[in-house]
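To keep things clear, I will list the structure first and then write my remarks on it.
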Amino acid sequence: MEPRPNATALPIKWEQKNRAKLDFIQAFISRPGMMLRPLTDKRYEEKAPSANGNNTATHESISEIMDGEPLVQYLRFLRRKSQDMKWVALTTFMQKHESDISKWLSDQDEKYGKLVLDSSMENPDYYSTGFHHQPGGFSDNEFSGLMYDVGLDISFATISPGGVADLVPNNKYERILDLGCGSGRSTEPFKARFTESEVMGIDPSEPLLRTAVKRAKQKNLVIDYYQGIAESTPFPDNHFDLLTATILFHEVPDDAALEILKESRRILKPGGILVIGDLLPYSESTAYDRWYDEWQVVHNNEPFFADAKTRDMNSLGKSAGFGKVEEDFRGKPSFFGDRKRVPGMPYIVTATK
Ligand SMILES: C[S@@+](CC[C@H](N)C(=O)[O-])C[C@H]1O[C@@H](n2cnc3c(N)ncnc32)[C@H](O)[C@@H]1O
């Protein structure tokens, strides 16, 4: 596997046989969609010539005629299998180098920002779902964060590194907080762009935050990382000029989404903005794209995927007390549909306090 420009530099070199395995898995993850999507589209046209392009087709009606198709079942099997293969390969690597990686992760350098842990924090119930079938989820063991982080390079080799940070207004921000910062990939571009700002990230997962701290050092960026949930943060009222969240909202249920918006409003200064980057809502997709996307829910364990993609962020933002909520639908028709991709995120919501 060629190291990606944004990859975390690990303390251990991949052996040739492991690199070859990950190279294969990387190709195996992207190829089924690239190769079988056109065949799936063609099969749909054959099976439902009148439904295709007809506005009365719904994702449910498409599901009825397509889910039993061997081609579709094969495509979903390949996607699930390739994801599982990734986790097995990464677990084997972590276990083999357990003591070196453990020592490296626990060796933190405060020069690149604080790591503020909260041992009393309890994860919300929905958090333990094991998104993307990652064994143990985001935080079950000390390697969970690094596994997720390295896994991103394998699954999404083409995601633009700038992300949401490239899309926010060019203002002066005293303090910026990234909600659901994960391993810091969405946080770092904010510090790189707004060098004078105090930049922070918050996430429930200690293993992810420990990975984030290692990455900040590698990139020579000073970022403070906090353990916590976005529904209830340790920050005072009116504290931040800019809050941001990259692909957090599709991993939380509706009631949590509302709580996160309310908490965001509390900690934003008057006039401050919350900028969310996430997956394109179904309102912007065709019924066919919506049906095609639904493999994510079961086969990739994304239980809140459909909720998030049908969520009305505009009225939810208003319910949370935001004065103005704007939506920018950028990528069409879908993020995972192997169609047109846009730099950064396909769907941006900006809420102003
Ligand atoms: C798909 S990851 C995105 C991570 C990061 N923003 C990125 O772009 O790489 C979603 C992140 O949201 C975090 N998360 C889930 N529920 C959360 C919550 N209630 N509050 C804060 N973070 C949460 C997870 O731990 C995970 O790191």
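Counting starts at 1 for both ligands and their atoms, in listed order.
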Subject >> For Arg266, all residues meeting salt bridge (charged side-chain N to carboxylate O under 4.0 Å, His left out), sequence neighbours excluded >> reply: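 Salt bridge (charged side-chain N to carboxylate O under 4.0 Å, His left out) check on Arg266 returns Asp237, Glu263.
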**OP:** Please identify each residue that fulfils salt bridge (charged side-chain N to carboxylate O under 4.0 Å, His left out) with Glu64, with sequence neighbours left out.
**Re:**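 Per chain and number, Glu64 pairs via salt bridge (charged side-chain N to carboxylate O under 4.0 Å, His left out) with no residue.
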Original post:
Out of curiosity, His239 NE2 to Met200 CE, how far, rounded to the nearest 0.5 Å?
Top reply: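 Separation between the atoms: 5.0 Å.
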Original post:
Could Glu188 and Lys191 be called an ion pair, given the rule that one side-chain N must be under 4.0 Å from one carboxylate O?
Top reply: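 Answer for the salt bridge query: no.
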Are there any protein N or O atoms under 3.5 Å from the N or O atoms of ligand 1? List them with distances, or say none.
from     : atom 1 : to     : atom 2 : distance (Å)
ligand 1 : 6 (N)  : Gly180 : O      : 2.8
ligand 1 : 6 (N)  : Ser186 : OG     : 2.9
ligand 1 : 6 (N)  : Thr246 : O      : 3.0
ligand 1 : 19 (N) : Tyr126 : OH     : 2.8
ligand 1 : 19 (N) : Glu231 : OE1    : 2.8
ligand 1 : 20 (N) : Ala230 : N      : 2.8
ligand 1 : 25 (O) : Tyr127 : OH     : 2.6
ligand 1 : 25 (O) : Asp203 : OD1    : 2.7
ligand 1 : 25 (O) : Asp203 : OD2    : 3.3
ligand 1 : 27 (O) : Asp203 : OD2    : 2.7

**OP:** Kindly indicate, with the supporting measurements, whether the criterion side-chain hydrogen bond (donor to acceptor under 3.5 Å, both in side chains) is fulfilled by Ser144 and Asp140.
**Re:** CA-CA 6 Å; Ser144 305; Asp140 214 38; over 6 Å; no
Original post:
Does anything in residues 99-108 pair up under side chain to side chain donor-acceptor pair (under 3.5 Å), and if so which pairs, sequence neighbours excluded?
Top reply: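 Sorted pair list: Ser102-Glu142.
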